[in-house]
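Reviewing the structure listed below.
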Amino acid sequence: MAKAPVLTPQNEDYPRWYQDVVAKAELADNGPVRGTMVIRPYAYAMWERMQAEVDGRIKATGARNAYFPLFIPESYLRREAEHVEGFSPELAVVTHGGGKELDEPVVVRPTSETVINSYFAKWVQSYRDLPLLINQWANVVRWELRPRLFLRTSEFLWQEGHTAHATAADAAAYAERILRDVYEDFMVNVLAIPVLTGRKTARERFAGAVNTLTCEAMMGDGKALQLGTSHELGQNFARAFDITFSDEDGGQSHVWQTSWGVSTRMLGGLIMAHGDDAGLRLPPQLAPTQVMVLLVRAEGGAGERAAGLVAELTAAGVRAELDDRVDVSFGRRSVDWELKGVPVRVEIGPRDLARGSVTLVRRDTGEKTGIPAGEVAPRVTAALAQAQAALLDGARRRQEERTADVSSLEEATEAARSGFARLAWSAVGEDGETRLAEQGITVRCLRRPDGSLPVTGDEGDLVAVVGRAY
RNA sequence: CGGGGAGUAGCGCAGCGGAAGCGCACCUGCUUUGGGGGCAGGAGGUCGCGGGUUCAAAUCCCGCCUCCCCGACCA
């Protein structure tokens, strides 16, 4: 019985498909103020999984969590010229408090470099205080003219790390470590999203940074999404906020700094990297619920058997839940869990009971397999591992297929219609970058031919990866 | 901020001078349950706001507000 599709098909209207998924999978709603969003419980559970995985990796690099205030004196922003210039257009400024006009307006943080560094100046005295490695989980506000749920909202949730080091080399190494060991590792191994790591051009660099490193991913429609950034700030903020320390020889030096972050934008990336016409497809490593045990009908002890399966799977370390709402039609429930991207379903009904088996369904492939009732835990565990690998593999293959090696701006423009183009950075240059930008195409990152990170933007043989971006 | 559209039930829309409707969702009951089931009944509206024209305005006119889409900025 052919029903109207639940979602607008991707190849018909991709942005519409995205909105449909967000609504139908109950991920988010628009907030009452334009550009704000309500993150619904299912998406928030995904965010909590992201937080747990990222937080553990951050702590493994030695950083510790802290919390700094939402409100920042406007004057702080002004201390670093490029920084204030970069953020001014998108600031939310509070002019009144307690029923009175404030002597000095306060801004709602768009990022926390300025407040945090004003305290670093207090806390750092000696080389013995370095490196100082701080992270905070917080909300930030950047007023957006064209918001899109998760991808671009006026308020979003993120993690922002801020560090101070004794040497430029130490800061550079740390910024790279965060990019590799925290972000890239998390995105590839948990989100199953292959990312291109590289260096941003001067044009795309963070306001106030001397170098910005990025993780770029390709979405289902061939467009790029920046999923995370790690910046070397040089001594820009150290000078602006007077963060100095006594070195081993008794001299005074400014610290070298980094800052880095990933946000709820990753939820949008996850949707668009793996989603298909039936909805979300979550990688098992991230999925809040890895296995949904679906009771078809509560007859002949099937209910007890289903509850037993959940207990068995839970004991085996699997995040399993039971759907025994037999008053809701089976088709409805199947469609719902597919929309929500639950990686594996285990169906159990009278037919399975009679055969002494259960039915295992993989979300990523749609494949259904009958498996003996006694082998559920090992077979489910294996299926989860296979689904995780298959999602990464599929996303990697798409990225390779839709990336073209070209040699001119014209060819790059053509290639950017469906994906990325790779070409020599020397064939683009800042003039070429401007010309591409006029057509909505940006240099996503610069890489060395072997994929390693450039130390400077001036290296001779750099490769530019260009494309359209969210 | 420039260009283009739209405001009617929770969501998506029709109606465009003469009793406010349709699909989905929601509630009740029965029946069904292995891929968005079926039948019956029901609830839900200052038709964005304000003014005007008219015997009569969701519909025509004027003003305002809001939202969406396309371009310049952005995690």
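These numbers were taken from a predicted model, which means no experiment stands behind them. Sequence lines set the chain letters: A, B, ... in the order given, protein chains first and strands last, and positions in each chain run from 1.
In this structure, of rG36(B), rG34(B), rA75(B), it is rG36(B) that holds the atom nearest to the side chain of V6(A). Checked against rC69(B), rA75(B), rU33(B), the side chain of Q19(A) finds its nearest nucleotide in rC69(B). Distance from the side chain of E347(A) is smallest to rG35(B) among rG35(B), rA75(B), rA25(B). Residue R345(A) places its side chain closer to rG35(B) than to any other of rU33(B), rG35(B), rC74(B). Looking at the side chain of V335(A), the nearest of the listed nucleotides rG35(B), rA75(B), rG34(B) is rG35(B). When the nucleotides rU33(B), rC74(B), rG36(B) are ranked by their closest atom to the side chain of K24(A), rG36(B) comes out on top. Closest contact between the side chain of R351(A) and the listed nucleotides rC74(B), rG35(B), rG34(B) involves rG34(B).
Residues L295(A) and V326(A) form a side-chain contact, since some pair of their non-hydrogen atoms from C-beta on lies under 4.5 Å apart. A 4.5 Å side-chain heavy-atom check between V262(A) and M187(A) finds at least one atom pair inside the cut-off.
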Point to revise | Contact letters for nucleotides 4-12 of chain B, in which S counts primed atoms plus P, OP1 and OP2 and B counts the base, heavy atoms under 4.0 Å | key: ---------
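Comparing rU59(B) with rG17(B), their C1' atoms sit 6 Å apart, to the nearest whole Å. The C1' atoms of rG37(B) and rC74(B) are separated by 47 Å, rounded to the nearest whole Å. When the C1' atom is compared between rC65(B) and rC11(B), the two are found 23 Å apart, to the nearest whole Å. Rounded to whole Å, the separation between the C1' atoms of rC49(B) and rG7(B) comes to 11 Å. To the nearest whole angstrom, the two P atoms, one in rG2(B) and one in rG44(B), are 44 Å apart. Using P as the reference atom, rA14(B) and rG48(B) are 14 Å apart when rounded to the nearest Å. Taking atom P on both rA25(B) and rG36(B), the two are 13 Å apart, rounded to the nearest angstrom. Taking the C1' atoms as reference points, rC24(B) lies 37 Å from rG51(B), given to the whole Å.
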**Study point:** Candidate pair H162(A) and F120(A), rule ring pair (Phe, Tyr, Trp, His ring centres under 6.0 Å), full reasoning
**Key:** CA-CA 10 Å; H162(A) 300 270; F120(A) 275 23; 7.3 Å; no
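Each of W158(A) and S334(A) has a nearest nucleotide on RNA chain B; the 5'-most of these lies closest to S334(A). Nucleotides of RNA chain B nearest to P147(A) and L157(A) differ in position, and the one nearer the 5' end is that of P147(A).
Here A437(A) lies in heavy-atom contact (under 4.0 Å) with sugar-phosphate atoms only. If you check every strand for non-hydrogen atoms under 4.0 Å, G349(A) touches a base. Among the atoms of the strands shown, none is found under 4.0 Å from any heavy atom of T264(A). At the heavy-atom level, S154(A) lies nowhere under 4.0 Å from the strands shown.
Looking at N117(A) and R79(A), their side chains never bring a donor and an acceptor atom within 3.5 Å of each other. Judged by distance alone, the side chains of T258(A) and T163(A) do bring a donor and an acceptor atom under 3.5 Å apart. Judged by distance alone, the side chains of T442(A) and R444(A) do bring a donor and an acceptor atom under 3.5 Å apart. At a cut-off of 3.5 Å, with distance as the only test, a side-chain donor of W137(A) or D55(A) sits close to an acceptor on the other residue.
Using a distance-only test at 3.5 Å, with no hydrogens or angles considered, a donor-acceptor pair links the side chain of R333(A) to the main chain of V328(A).
One can place CG of L227(A) at 18 Å from P of rC74(B), the figure rounded to the nearest angstrom. Protein atom CG of D20(A) is 17 Å distant from nucleotide atom P of rC24(B), rounded to whole Å. Separating the CG atom of D327(A) from the C1' atom of rU31(B) is a distance of 14 Å, rounded to the nearest angstrom. Atom CD in E299(A) sits about 12 Å away from atom C1' in rG34(B), given to the nearest Å. When the P atom of rG34(B) is taken as reference, atom CD of E338(A) falls 14 Å away, rounded to whole Å. For the pair D29(A) CG and rA25(B) C1', the computed distance is 14 Å after rounding to whole Å. Summarising the geometry, the separation between CG on D336(A) and C1' on rA25(B) is reported as 12 Å, rounded to the nearest angstrom. Straight-line distance from the CZ atom of R468(A) to the P atom of rC70(B): 13 Å, rounded to whole Å.
Cation-pi geometry between R265(A) and F150(A) is not satisfied (NZ or CZ under 6.0 Å from the ring centre, within 45° of the ring normal). Stacking of K200(A) on the aromatic ring of F206(A) is not recorded, the 6.0 Å distance cut-off and the 45° axial limit not both being met.
With pairs defined as Watson-Crick or G-U wobble and both atom distances under 3.5 Å, the stems of at least three pairs that touch RNA chain B come out as B:1-7 with B:65-71, B:10-13 with B:21-24, B:26-31 with B:37-42, B:48-52 with B:60-64.
Neither OP1 nor OP2 of rG36(B) sits under 4.0 Å from any side-chain N or O of S329(A).
Residue W143(A) qualifies as open at atom CH2: its count of foreign heavy atoms under 6.0 Å is 12 or below. Annotation: R203(A), atom CZ; neighbour count of heavy atoms from other residues, nucleotides and ligands within 6.0 Å is above 12.
With hydrogens and angles left out, the side chain of K368(A) and the base of rG35(B) share a donor-acceptor pair within 3.5 Å. In the interface, the side chain of R333(A) is not paired with the base of rG34(B) through any donor and acceptor atom under 3.5 Å apart.
Stacking between F330(A) and rG34(B) is absent: the ring centroid is not both under 5.5 Å from the six-membered base ring centre and under 30° in plane angle.
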